[in-house]
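One structure below.
Residues take their numbers from the sequence shown, with the count starting at 1.
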Amino acid sequence: MATGNETLDFETYRDSLGYEPSDAHPALAADLRAEVDGEVRFDEYTQVLYATDGSIYQARPAGVVFPTCAEDVQAAVRVAAHHDAPVLPRGAGSSLAGQAVGPGCVVLDCSRHMDAIVNVDPENRKAVVEPGVVQDDLDDHLERWNLKFAPDPASSNRATVGGGIGNNSTGAHSVRYGITDAYTAELDVVLTDGSLVHTREVVLDSEEWDELVGKDDREAELYRAVRGLVEDNREEIAARYPTLKRSVSGYNLHKVVYERDGETCINLSKLFVGAEGTLGVVVRATLDLVTRPEETALALYCYDDLVSALAAVPEALEFDVSAVELMDDEVFRLARNSTEFAAAAEPIPESAEGALMLEFDSELHDDFEGAIAETTAHFIGAGEAFDVLEAYSDEERAKLWKLRKAAIPLLMSMEGDPKPYPFIEDASVPPEELAEYVREFMAVLEDHDTTAAYFAHAGSGTLHIRPILNLKEEAGIETMHSIAEDVTSLVLDHHGAFSGEHGDGLARTEFNPKMYGSQLWSAFQELKTTFDPDWRMNPGKVVFQEDADMRENLRYGVEYSSIEPTTVQDFSDEGGFSHLVELCNGCGTCRQTGSETMCPSYRGMKDEMTTTRGRANLLRAAISGEIPTEEIFTDRFQNEVLDLCLGCKGCARDCPTGVDLAKLKAEVKHAKHEKDGASVRDRLFADIDRVSALGSALAPVSNWAAKLPGADYVAEKAFGIAPERDVPRFRRETLVDWFDARGPQIPADVATERVVLFPDTFTNYSHPVPGKAAVRVLEAAGVNVQVPADLAPSGRAAYSEGFLDKAREQAESNVSALESRVADGWSVVFVEPSDAVMFQDEYRDLLADSSAAQAVEEVAANAFGVCEFVDRKRLDDGIEFDSVDESLAYHGHCNQKALRRDHHAVGVLRRAGYEVDPLDSGCCGMAGSFGYRAEQYDLSQAIGRILFEQVEESDAESVVAPGASCRTQLEDYEKRPPHPIEKVADALHRP
């Protein structure tokens with residue numbers, strides 16, 4: 001079967017449902033559709049989706065264009081000019097200062113189609129790319145030549161190169177490499193009139209310069225004007241621009257003219273970098289590349305005082321280091337209390353109030369241990385550090401980097417409305433002034449009765465300091481502005497920059513006149529007018545005509561309010577339903593496609609509507625009244641916003657703030673059923689256990705009926721089931737019947753463990769082989785196994801379809817039936833991962849306020865997937881295995897990944913003798929009933945193809961998967977892949 005990760009078109013899906021959303025600006029939208037090949041969307045949902053980015057701001061655009069090429073961008077800009085509409089180029093929308101939002105703008109989303117790596121010249125270390133290429137994808141492509149694009153923002157797994165150019169991005173390694181403007185050699189840029197210019201380095205007063213400026217065109221005009229501005233303001237540029245590795249506020253007048261090899265050069269590319277789309281739209285870039293170090297090592301030095309750690313930064317820079325990062329005790333405290341990050345924080349001494357992390361790479365050092373011994377002698381032997389953690393292996397380094405990168409997600413997941421918001425968090429000062437700057441910053445926060453955490457890029461003088469404020473209250477908003485005023489003054493006192501990484505946007509543009517003074521501010525305005533005479537390119541960013549105010553266009557403000565609906569599930573751990581929705585900060589992690597699980601529907605469609613962020617934005621709009629609350633119950637909202645969520649729970653783990661969309665979806669679907677009733681198909685899938693029981697009782701007749709000519713047609717027309725899908729076959733003898741006839745083989749009084757094996761619907765009625773294998777393996781380990789007939793369905797099917805009352809009834813029944821057994825020392829073991837997770841997770845939410853609340857905690861604590869149970873108890877240590885010679889690709893189940901329980905099968909399989917390749921795979925695309933729905937079949941297959949490609953790329957001989965849905969999906973690729981427990985059973989010693 002052909003594999004690949006080609007994506008589906010969301011517009012096609014929407015058209016198949018019969019929706020024709022109305023345009024908010026019909027004339028503008030119509031003209032754009034007539035001139036642009038790419039899709040044009042001006043409906044309200046799209047406006048909401050693109051009203052936010054990763055910042056604290058929100059402003060509805062007029063609509064969005066998805067250009068397919070530079071000509072589309074030119075056409076869109078010309079049409080926008082005709083309608084006097086502002087234009088805003090956008091990548092992943094991960095901007096933290098509000099660069100990617102603007103009221104009434106025509107947004108050009110270049111991330112959808114304009115994402116090609118056009119050419120790589122490894123000999124000259126250059127790459128030509130379109131603006132929509134994701135940086136990690138570019139670096140993955142360059143790895144074959146041992147090259148990379150040097151700037152490495154934390155958002156590189158979804159941020160686009162075009163966005164990085166617009167923002168002049170950088171990351172942890174700016175100490176070694178600098179920032180984006182140093183690696184941007186040439187650009188193709190669409191100007192405000194739709195013309196296209198190619199910027200590159202030109203030697204001033206050379207023959208090429210004379211030829212260039214001798215023309216009567218826009219390019220010549222721009223080069224002449226920029227040279228004149230730089231020469232007229234040379235002294236002020238030298239006096240006002242800070243001499244820092246990282247300074248990304250204002251326009252790069254200090255970098256556009258420079259000396260190279262004894263010649264004076266000008267390159268307008270340097271000016272467009274960091275301009276935030278205010279001067280033109282970048283449609284192609286030629287980038288300079290660097291070699292990739294083969295190895296790195298880390299040393300983390302612990303201090304009992306934060307300021308002491310900061311005071312050591314200039315000393316750290318005297319060594320050949322590629323990164324110097326800071327973390328404080330608040331980050332450590334939050335990490336220790338977090339399930340995900342506790343293991344990474346465990347080695348950090350409790351008394352550490354600050355830590356410096358130094359990275360060494362193999363291009364600078366050939367003896368890591370010697371280099372670290374030297375720094376340790378300096379910082380501990382002669383300095384104030386009291387401990388060091390050294391990391392040489394991939395695993396050790398990954399833990400420390402994970403801890404460093406955990407800071408923002410840990411902080412943003414704080415309960416309640418006060419949050420550590422980004423608005424002055426990336427101000428930069430010279431490293432030698434960092435300690436004193438932070439002392440004074442602490443005093444500012446104390447004066448405003450708030451606190452903050454301190455972390456990030458100490459080596460370049462950039463700390464991410466996010467004051468904790470409530471921006472839903474006027475006092476919090478005014479405090480934010482007052483802190484910004486004080487801190488910008490503090491930054492100037494320390495010869496720093498207002499932004500060393502995240503740019504101006506709506507957050508800091510207000511303060512650029514303060515930083516650069518009236519003369520350079522006038523030069524900025526003149527520059528903007530030269531490039532954009534009507535000031536239509538991303539207005540209000542970097543420079544402004546009328547007053548700018550960082551307090552305007554806030555996502556939350558004094559007028560913001562949201563409803564808190566009555567819910568079936570318990571949302572107290574999340575602070576309520578609305579708070580869980582509002583936890584989405586817009587960072588866009590759900591757009592990453594290279595690893596983890598989140599978000600499968602985005603991977604299949606590459607559409608903002610299908611991201612966790614998109615769904616959260618639309619839910620928040622509904623509960624806050626931005627769109628009518630009743631919109632939630634419309635078919636369009638259900639089908640477009642909710643139904644393309646597969647319920648994989650990947651967002652519960654992968655989202656930095658833990659936005660559990662599967663939980664939110666189930667609650668909203670339930671409310672929809674309560675209000676308007678449910679379809680026959682929804683009820684059929686929710687009650688699949690009863691349907692399967694009937695199919696089993698009537699087998700083999702039920703199987704024959706499903707194969708009759710026209711059966712697929714009837715299933716599609718009557719129930720909306722995809723005709724391409726084969727319905728499960730039923731077994732006359734169920735797993736329960738088989739076990740009743742067989743009985744347990746290990747008496748309870750001599751057993752090592754006692755287990756209730758849960759007979760899930762698929763295993764019991766359709767495919768008992770994994771269940772029988774589980775019994776064999778458990779009994780081989782001396783376990784007494786029971787497969788009872790008195791248990792209800794797990795409730796997974798009902799829960800997934802939004803029938804929460806039914807799911808709760810089934811949960812109560814099972815907890816009641818198992819409570820006494822668990823109290824008596826029995827464990828509950830599952831073949832099917834989604835059923836295990838139902839007991840381990842969703843039961844707690846469904847029964848939190850019931851009389852069974854305490855019992856459900858006991859049952860959940862003693863519920864395990866079968867491989868998880870074997871691994872946790874190390875039961876396989878007592879099992880004798882025959883020698884096996886087989887390699888397996890392991891595809892873990894997304895629900896188990898959400899609870900970090902998917903890894904156990906790998907350990908068990910390896911100890912059974914198999915060579916195992918754990919795939920870094922996401923959801924398979926089947927997701928229970930999702931892949932059976934006719935309108936979702938194509939998306940299900942598109943997601944499945946991503947998995948098929950990963951299996952194909954693995955060197956393993958075959959693939960195993962614990963999920964029944966996963967194995968069903970993989971049947972299109974490989975005939976009936978086994979459950980891991982089947983392979984364990986196959987390896988059991990046979991006398």
Side-chain angles (χ1 to χ4, degrees), residues 8-26 29 39 41-52 58 60-61 63-64 561-569 577-578 580-582 584 599 601-602 605 607-647 659 661-683 685-686 719-720 799-805 929-930 933-936 939:
L8 298 181
D9 180 39
F10 178 81
E11 194 74 4
T12 301
Y13 168 76
R14 184 166 64 183
D15 289 345
S16 73
L17 299 172
Y19 300 124
E20 294 183 7
S22 58
D23 292 327
H25 301 268
E39 186 183 341
R41 291 193 210 162
F42 272 63
D43 61 286
E44 186 174 43
Y45 282 15
T46 300
Q47 290 178 324
V48 171
L49 291 174
Y50 285 83
T52 58
Q58 174 172 305
R60 278 203 194 187
V64 181
S561 64
S562 61
I563 62 170
E564 182 57 40
T566 301
T567 60
V568 175
Q569 299 175 91
F577 179 97
S578 61
L580 179 56
V581 174
E582 293 167 4
C584 176
C599 176
S601 51
Y602 176 74
M605 280 191 170
D607 193 282
E608 182 70 19
M609 181 73 85
T610 58
T611 62
T612 303
R613 175 174 71 179
R615 297 182 183 104
N617 271 331
L618 282 159
L619 279 172
R620 181 171 48 80
I623 64 174
S624 66
E626 186 186 344
I627 62 176
T629 302
E630 289 298 303
E631 184 71 20
I632 284 179
F633 302 112
T634 65
D635 288 342
R636 182 188 176 196
F637 194 97
Q638 295 285 317
N639 290 326
E640 289 192 20
V641 181
L642 297 181
D643 283 354
L644 294 186
C645 167
L646 284 80
V659 178
L661 225 297
K663 183 176 182 179
L664 293 167
K665 172 189 173 181
E667 197 68 49
V668 177
K669 297 294 285 187
H670 171 80
K672 166 70 171 173
H673 294 330
E674 290 290 292
K675 180 178 182 294
D676 298 327
S679 69
V680 173
R681 182 177 66 176
D682 288 345
R683 294 186 182 279
F685 286 137
F719 304 111
Y799 183 90
S800 297
E801 299 299 327
F803 292 88
L804 297 186
D805 289 339
S929 66
F930 182 91
R933 297 172 181 268
E935 71 275 17
Q936 293 162 1
L939 176 57

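A distance of 7.0 Å separates OH in Y799 from NZ in K663, rounded to the nearest 0.5 Å. Summarising the geometry, atom CD belonging to E20 is positioned 8.0 Å from atom CG belonging to D15; distances are rounded to the nearest 0.5 Å. We find the CG-CG distance between L661 and L642 to be 7.5 Å, quoted to the nearest 0.5 Å. E39 CD to D607 CG: the interatomic distance, rounded to the nearest 0.5 Å, is 7.0 Å. Between E44 atom CD and I627 atom CD1 the span is 6.0 Å, to the nearest 0.5 Å. The structure places CD of Q569 at 5.0 Å from CD of E667, a figure rounded to the nearest 0.5 Å.
With sequence neighbours excluded, no residue satisfies salt bridge (Lys or Arg N to Asp or Glu O under 4.0 Å) with D9. Taking the side-chain contact (heavy atoms from CB on, under 4.5 Å) definition, one finds that R636 meets it with R14, Y19, P21, D43, Y45, T634, E640, sequence neighbours left out. Considering only residues two or more places apart in sequence or on other chains, E630 meets the side-chain contact (heavy atoms from CB on, under 4.5 Å) condition with F633, K675.
Counting only distance, with no hydrogens or angles, the side chain of R41 and the backbone of T46 share no donor-acceptor pair below 3.5 Å. In this structure a side-chain-to-backbone donor-acceptor pair under 3.5 Å is missing from R60 to A51. A donor-acceptor contact shorter than 3.5 Å links the side chain of Q47 to the backbone of P61. Although no hydrogens or angles enter the test, the distance criterion places a donor-acceptor pair under 3.5 Å between the side chain of T629 and the main chain of A622. With E564 contributing its side chain and F577 its backbone, the two residues share a donor-acceptor pair below 3.5 Å. Here the side chain of S601 pairs a donor or acceptor atom with the backbone of L644 at under 3.5 angstrom.
Taking both residues in full, the closest heavy atoms of L804 and H670 are given as N-ND1, 3.4 Å, listed atom of the first, atom of the second, then distance. When all heavy atoms are compared, the tightest approach of T610 to C599 is O-SG, 3.3 Å. Shortest non-hydrogen contact noted between G614 and T611 is N-OG1, 2.7 Å. In terms of heavy-atom proximity, E674 sits nearest to D805 at OE2-OD2, 3.9 Å. Taking both residues in full, the closest heavy atoms of S624 and A621 are given as OG-O, 3.4 Å, listed atom of the first, atom of the second, then distance. Annotation for V581 and A616: closest pair CG1-O, 3.5 Å, computed over non-hydrogen atoms.
Using a 4.5 Å heavy-atom cutoff, the side chains of S562 and I623 are in contact. The shortest distance between side-chain heavy atoms of D643 and K669 falls below 4.5 Å. When side chains are defined from C-beta on, L646 does not count as touching K665, because their heavy atoms never get closer than 4.5 Å. Using a 4.5 Å heavy-atom cutoff, the side chains of F637 and L619 are in contact.
A salt bridge links R613 with E608; the closest basic N to acidic carboxylate O contact falls under 4.0 Å.
Taking the six-membered ring where tryptophan is involved, the planes of F803 and H673 are essentially parallel, since the angle between them stays under 30° and well short of 60°.
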Report the C-alpha distance between Y13 and N639 in whole Å, list the side-chain angles of each, state the deciding distance to 0.1 Å, and finish with yes or no for side chain to side chain contact (heavy atoms under 4.5 Å, CB included). CA-CA 10 Å; Y13 168 76; N639 290 326; 4.2 Å; yes
Go through the steps for L618 and M609 under the test side chain to side chain contact (heavy atoms under 4.5 Å, CB included), then give the verdict. CA-CA 9 Å; L618 282 159; M609 181 73 85; 3.5 Å; yes
If you apply the rule side chain to side chain contact (heavy atoms under 4.5 Å, CB included), what do you find for R620 with V48, and how did you get there? CA-CA 10 Å; R620 181 171 48 80; V48 171; over 6 Å; no
Test side chain to side chain contact (heavy atoms under 4.5 Å, CB included) applied to E801 and S929, step by step: CA-CA 9 Å; E801 299 299 327; S929 66; 2.4 Å; yes
